[in-house]
There are 2 protein chains.
Amino acid sequence: MTDTGRTATAEHRAYRRVVDDVEARIASGELRPGDRLPSERELVDRYGIARSSVREALRVLESLELVRSAPRDPRGPLVLPITSAPIRRSLGLLTSSRTISLPQLVQLRMVIDASTNLMAALRRTPEHLVALERNMARMRGLLHHSYAEFGRADLEFHEILADAAGHELVRLYGEAVREAVLELIQQTILDADDQEAHKLRSIRHHTAVFDAISAGDGRAASRLARESLYQYYADHVGDEDREIMAALVSECGGRVDP
Amino acid sequence: MTDTGRTATAEHRAYRRVVDDVEARIASGELRPGDRLPSERELVDRYGIARSSVREALRVLESLELVRSAPRDPRGPLVLPITSAPIRRSLGLLTSSRTISLPQLVQLRMVIDASTNLMAALRRTPEHLVALERNMARMRGLLHHSYAEFGRADLEFHEILADAAGHELVRLYGEAVREAVLELIQQTILDADDQEAHKLRSIRHHTAVFDAISAGDGRAASRLARESLYQYYADHVGDEDREIMAALVSECGGRVDP
DNA sequence: GAGTCGCTGCTGGTCTGACCAGATCGGCGG
DNA sequence: CCGCCGATCTGGTCAGACCAGCAGCGACTC
């Protein structure tokens, strides 16, 4: 008897058992980054399903960035550290399909960046300050280069801050949002011919944030994040969204330039 | 000639061609929700790959919630409307993977809930206020019931607020964080014998938030979120985390009870 | 003529067994 | 002792089969 082809609607799919199981074991911490899954053929025995089903499961786990399998690796599929990559991917799809708008992204970024700066001011080490200074020097050197390159350096500044904040969740959430914003911005605002002014303003803003953070002034660092994002994007959003952004600025006692 | 088993590292995987192609055609709008993909066997011909590869591709597209294939559906896999479901899934994994501590979750929740309340105060409709009142009445009725049930009603209150805020991303992020907090809390604080006091405090807090939101006072609603989360959890975290939480409260001009 | 039965052909879900390319490792010959 | 070679492992791919169930259509019955 070949016990094949049984009715398999919805969640009874063979490969789902593997996906759910592995996912749960990663969530629970039983499977840690760097661990190895058994080889495909061993998973076949372990779950009692065919290799094609095992492979479907592995492809899904790979698309979730939970696992990566390399060809001819006798050690089996590698369990990856949890990253924001899949979120970024989905965020990208959502934004490119206009389901999620730039204003929404910017608003969320105001909140996340503000908290990042606040925590960074309280927890930063001297090494973080050095890294920030080095990044600022690099950005000054990129003033006349492509906006894409400048944008990456800008992102890096925020990633150092996220590091300094010492808050893994805020770091991951922020990463996803910032990259989505950058991606969208390069299609929207890029044609503005005052790119250099934009860049100069970025550098000024980073300098101010750096000062606040090295002084340990969390409130100021937080306010700066909200104010500068408002200044950047207020002209590119509708009235209602601008109102929300203004409210986010004044939430922490910031001011909106007239 | 069986042209099989060629070297296929990285992006040269057979199923990737299908995934990338379909993904791009969905992002570009060529494939719209409600459209149908060709049947598996037709995709085999169209891409010149084996059915197992086609199926791997379909499983990945399904895990991205871009497509759903039903058994025995002669019309072929259905193209789905783009939703935020996959983000929620990844977010949930991110937060539930034990690497994130309760203090971190609470801190992020302070930020997200505050923004939610702020936006809800600006955008809520009369219907939202009605829903909030109904929920508050229900919670009063659950005062003497299990904490789990009460917790669910509590969650629902925040979900109504997230709805009122009208910000899809904030809603998603908030959902993930709040659920994770609730899950963790039921193992940590549950043994406190002052459960009823906790519940009463929750209800008082919700009442205050309701008043601020119906008055359109965003700053107050935001401050309330931060202050009450601080009050709830300050005693259950270490000194450093409490300091961060205090900073988050005072970031928006709130006060920390002595 | 209208209604029902059953066949045929389609679908997706699953399994089996095969082959390829490359890596790893043990053993054999120099 | 060193170096080469093959057995054996891995993941990637393919081909072909079977199952369960639905749809359409033709034939048979009333």
Under-4.0 Å salt bridge between B/Arg68 and B/Glu62: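 Answer for the salt bridge query: no.
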Note, B/Val177 side chain near A/Tyr173 side chain (heavy atom, < 4.5 Å):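 B/Val177 vs A/Tyr173: side chains touch.
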Could you state the atom-to-atom distance from [atom1] of [X] to [atom2] of [N] in whole Å?
X: A/Arg55; N: D/dT13; atom1: CZ; atom2: P; result: 7 Å
X: B/Arg17; N: D/dG12; atom1: CZ; atom2: P; result: 16 Å
X: A/Arg75; N: C/dC25; atom1: CZ; atom2: P; result: 10 Å
X: B/Arg51; N: C/dT14; atom1: CZ; atom2: P; result: 11 Å
X: B/Glu56; N: D/dG12; atom1: CD; atom2: C1'; result: 8 Å
X: B/Leu37; N: C/dT11; atom1: CG; atom2: P; result: 14 Å
X: A/Glu40; N: D/dG12; atom1: CD; atom2: P; result: 6 Å
X: B/Arg72; N: D/dC22; atom1: CZ; atom2: P; result: 6 Å

Under 3.5 Å side-chain donor-acceptor pair for B/Asp241 and B/Tyr233: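 Looking only at side-chain atoms, B/Tyr233 and B/Asp241 do not form any donor-acceptor pair under 3.5 Å.
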Side-chain donor-acceptor contact under 3.5 Å, B/His158 with B/Arg171: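 B/Arg171 and B/His158 do not have a side-chain donor-acceptor pair below 3.5 Å.
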B/Arg41 (side chain) and C/dG12 (base): donor-acceptor pair under 3.5 Å: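 Yes.
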Any A/Ser53 side-chain N or O less than 4.0 Å from OP1/OP2 of C/dC15: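 A/Ser53 to C/dC15 OP1/OP2: side-chain N or O found under 4.0 Å.
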Any A/Arg13 side-chain N or O less than 4.0 Å from OP1/OP2 of C/dG13: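 Checking C/dG13 against A/Arg13, a side-chain N or O does come within under 4.0 Å of OP1 or OP2.
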Proximal nucleotide (of D/dG11, C/dG13, D/dC14) relative to the B/Ile49 side chain: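 Given the options D/dG11, C/dG13, D/dC14, the side chain of B/Ile49 is closest to D/dC14.
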Nearest listed nucleotide, side chain of B/Ser39, among C/dT11, D/dT10, D/dG12: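 Shortest atom-to-atom distance from the side chain points to C/dT11.
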Over all strands shown, is [X] touching base, sugar-phosphate only, or nothing at heavy-atom distances under 4.0 angstrom?
X: A/Ser52; result: base
X: B/Arg68; result: nothing
X: A/Leu58; result: nothing

Nearest atoms (heavy-atom pairs only) where B/Glu168 meets B/Ser84: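 In this case the closest contact between B/Glu168 and B/Ser84 is OE2-OG, 2.9 Å.
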